[in-house]
Asks: 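Quick one: the structure is below, questions incoming.
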Amino acid sequence: MKSEPGAYSIDNLHRAPRRTDCWDGVRNYQARNFMRDDMRKGDLAFFYHSSCPRPGIVGIMEIARAGYPDHTAWDPREPHYDAQSDPARPRWYMVDVRYRRKAKRLLGLPELRTHPGLVGLQLLRRGNRLSVMPVSREHWELILELEAKPPPGKN
DNA sequence: GCCAACGTTGGC
DNA sequence: GCCAACGTTGGC
């Protein structure tokens, strides 16, 4: 799950009450479907910082509540207000996430890209712009193994 | 249903 | 700031 740290970082989540917050504001149908249909309470997710000097995976969180309507879509004062979303038929969904831990080190996008085992990871797909996307069990475990290794040196 | 125009995302 | 790659919109 991606977020721009300038808007909402893993530190924000760490400081939130009960280290839990709602993942609101997603306004993309594919990303919405992942949250609404595929995420279950107790699932784990990587927290990814995007649009920043060093984009990459910065930590792990847990889905604390499965998909439910994103009420910020109905509030005109909200930045992601959507006048077309009817409370009777919610268009946008969110989940609640709980902070688990920070990554031992940043798993930067360039490093992830160089790893042959991560070919096919949706995050690395060309032109990918989804802010929420699935990670296979195999890729998940590979990334955790990568985390345990020393960071790549500068060549 | 096609597709051009436009807006957004996000790496660089 | 640039721009590639998408998604959305709306005229036809």
Side-chain angles (χ1 to χ4, degrees), chain A residues 1-16 21-39 43-61 63 67-97 99-136 138-140 142-147 149-155:
Chain A
M1 303 176 80
K2 295 183 192 171
S3 181
E4 301 185 15
Y8 193 94
S9 73
I10 192 164
D11 290 318
N12 288 109
L13 180 58
H14 185 255
R15 287 192 296 263
D21 217 337
C22 57
W23 200 269
D24 63 325
V26 173
R27 298 292 180 265
N28 171 283
Y29 289 106
Q30 237 186 308
R32 176 205 67 181
N33 293 348
F34 288 136
M35 291 198 293
R36 187 190 59 185
D37 306 333
D38 298 333
M39 291 177 137
D43 284 350
L44 299 180
F46 289 123
F47 197 127
Y48 178 94
H49 280 176
S50 66
S51 292
C52 58
R54 297 185 66 201
I57 293 170
V58 293
I60 292 175
M61 51 195 175
I63 305 307
Y68 63 106
D70 180 348
H71 54 77
T72 68
W74 307 323
D75 186 345
R77 295 164 299 183
E78 289 287 340
H80 299 286
Y81 171 65
D82 178 3
Q84 310 216 58
S85 180
D86 174 6
R89 289 188 52 199
R91 173 181 293 191
W92 302 115
Y93 280 71
M94 59 187 177
V95 297
D96 286 353
V97 293
Y99 174 94
R100 272 285 193 94
R101 65 175 179 85
K102 284 190 188 179
K104 297 185 183 77
R105 60 188 187 81
L106 174 88
L107 295 157
L109 185 59
E111 179 184 1
L112 296 174
R113 282 199 191 285
T114 59
H115 201 290
L118 292 179
V119 170
L121 182 66
Q122 201 149 333
L123 173 73
L124 305 180
R125 246 193 29 209
R126 178 178 169 81
N128 171 59
R129 287 168 39 207
L130 280 179
S131 61
V132 179
M133 63 199 109
V135 180
S136 72
E138 291 73 21
H139 286 151
W140 179 276
L142 245 167
I143 290 167
L144 292 186
E145 287 171 26
L146 205 56
E147 181 195 16
K149 292 179 183 172
K154 292 172 187 171
N155 300 322

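No experiment lies behind these values; they were computed from the predicted model shown. Order of the sequence lines sets the chain letters (A, B, ...), proteins ahead of strands, with each chain counted from 1. As a basis for the values below, the full set of heavy atoms in this structure was taken, side chains included, without hydrogen atoms, waters or symmetry mates.
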Asks: What is the distance from CG of Leu130(A) to P of dG7(C), rounded to the nearest Å?
Replies: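 Atom-to-atom, Leu130(A) to dG7(C), this comes out as 7 Å.
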Asks: Taking any heavy-atom pair under 4.0 Å as a contact, classify Glu4(A): base, sugar-phosphate, or nothing.
Replies: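 Glu4(A): no heavy atom of the nucleic acid under 4.0 Å.
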Asks: Under the side-chain hydrogen bond (donor to acceptor under 3.5 Å, both in side chains) test, which residues partner Asp43(A), sequence neighbours left out?
Replies: none
Asks: Compute whether any side-chain donor of one residue and acceptor of the other, for Tyr99(A) and Asp21(A), lie under 3.5 angstrom apart.
Replies: no
Asks: Using OP1 and OP2 only, check whether a side-chain N or O of Lys2(A) sits under 4.0 Å from dG10(B).
Replies: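 Indeed, a polar side-chain atom of Lys2(A) lies that close.
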Asks: Per the end-axis method with five pairs at each terminus, what is the bend angle of the helix from dG1(B)-dC12(C) to dC12(B)-dG1(C), to 10°?
Replies: 10°
Asks: Give the rounded distance in Å between these two atoms: CG of Leu124(A) and P of dC12(B).
Replies: 11 Å
Asks: Among pairs that include at least one residue of residues 107-117 of chain A, which meet salt bridge (charged side-chain N to carboxylate O under 4.0 Å, His left out), considering only residues two or more places apart or in two chains?
Replies: Arg105(A)-Glu111(A)
Asks: If you check every side-chain atom of Arg113(A), which of dG7(C), dC12(B), dG10(B) has the closest atom?
Replies: dC12(B)
Asks: Rounded to the nearest 0.5 Å, how far does OG of Ser85(A) lie from NE2 of His80(A)?
Replies: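 Those atoms lie 13.5 Å apart.
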Asks: With under 30° as parallel and over 60° as perpendicular, where do the rings of Tyr8(A) and Trp23(A) fit, or are they tilted in between?
Replies: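 Ring orientation, 0 to 90° scale: perpendicular.
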Asks: Look at the side chain of Gln30(A) and decide which nucleotide, out of dT8(C), dG10(B), dG7(C), has an atom nearest to it.
Replies: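 Nearest to the side-chain atoms of Gln30(A), counting from C-beta on, is dG7(C).
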Asks: Which whole-number value in Å describes the distance from Asn28(A) CG to dT8(B) C1'?
Replies: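 About 10 Å, once rounded to whole Å.
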Asks: So, is Tyr48(A) near the phosphate of dT9(B), with a side-chain N or O under 4.0 Å from OP1 or OP2?
Replies: no
Asks: Just wondering, are more than 12 heavy atoms of other shown residues or ligands nearer than 6.0 Å to CZ in Arg101(A)?
Replies: yes
Asks: Can you name the one residue among Leu107(A), Val58(A), Ile10(A), Leu123(A) that meets side-chain contact (heavy atoms from CB on, under 4.5 Å) with Tyr48(A)?
Replies: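 The passing option is Leu123(A).
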Asks: With the threshold set at under 4.0 Å for non-hydrogen atoms, list the residues of residues 78-92 of chain A touching DNA chain B in residue-number order.
Replies: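 Within residues 78-92 of chain A, no residue comes under 4.0 Å of DNA chain B.
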Asks: Are Met133(A) and Gln30(A) packed together at the side-chain level, in the sense that at least one heavy-atom pair is separated by less than 4.5 angstrom?
Replies: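 Counting from C-beta outward, Met133(A) and Gln30(A) never come under 4.5 Å.
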Asks: Just the rounded figure in Å: distance from P of dG10(B) to CE of Met1(A).
Replies: 13 Å
Asks: Applying ring pair (Phe, Tyr, Trp, His ring centres under 6.0 Å), can you list everything that pairs with Tyr29(A), at least two apart in sequence or on another chain?
Replies: Trp92(A)
Asks: Please list residues of residues 49-57 of chain A whose heavy atoms come under 4.0 Å from any atom in DNA chain B, ordered by number; otherwise none.
Replies: Ser50(A), Ser51(A), Pro55(A)
Asks: Do Pro55(A) and His49(A) make a side-chain contact, defined as non-hydrogen atoms from C-beta onward lying under 4.5 Å apart?
Replies: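 Not touching, per the 4.5 Å side-chain cut-off.
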Asks: Got a donor-acceptor contact below 3.5 angstrom from the Asn12(A) side chain to the Ser9(A) backbone?
Replies: yes
Asks: Measure CG/Asn128(A) against C1'/dG10(B) and give the value in whole Å, please.
Replies: 10 Å
Asks: Rounded to the Å, how far apart are Arg32(A) CZ and dG7(C) C1'?
Replies: 14 Å
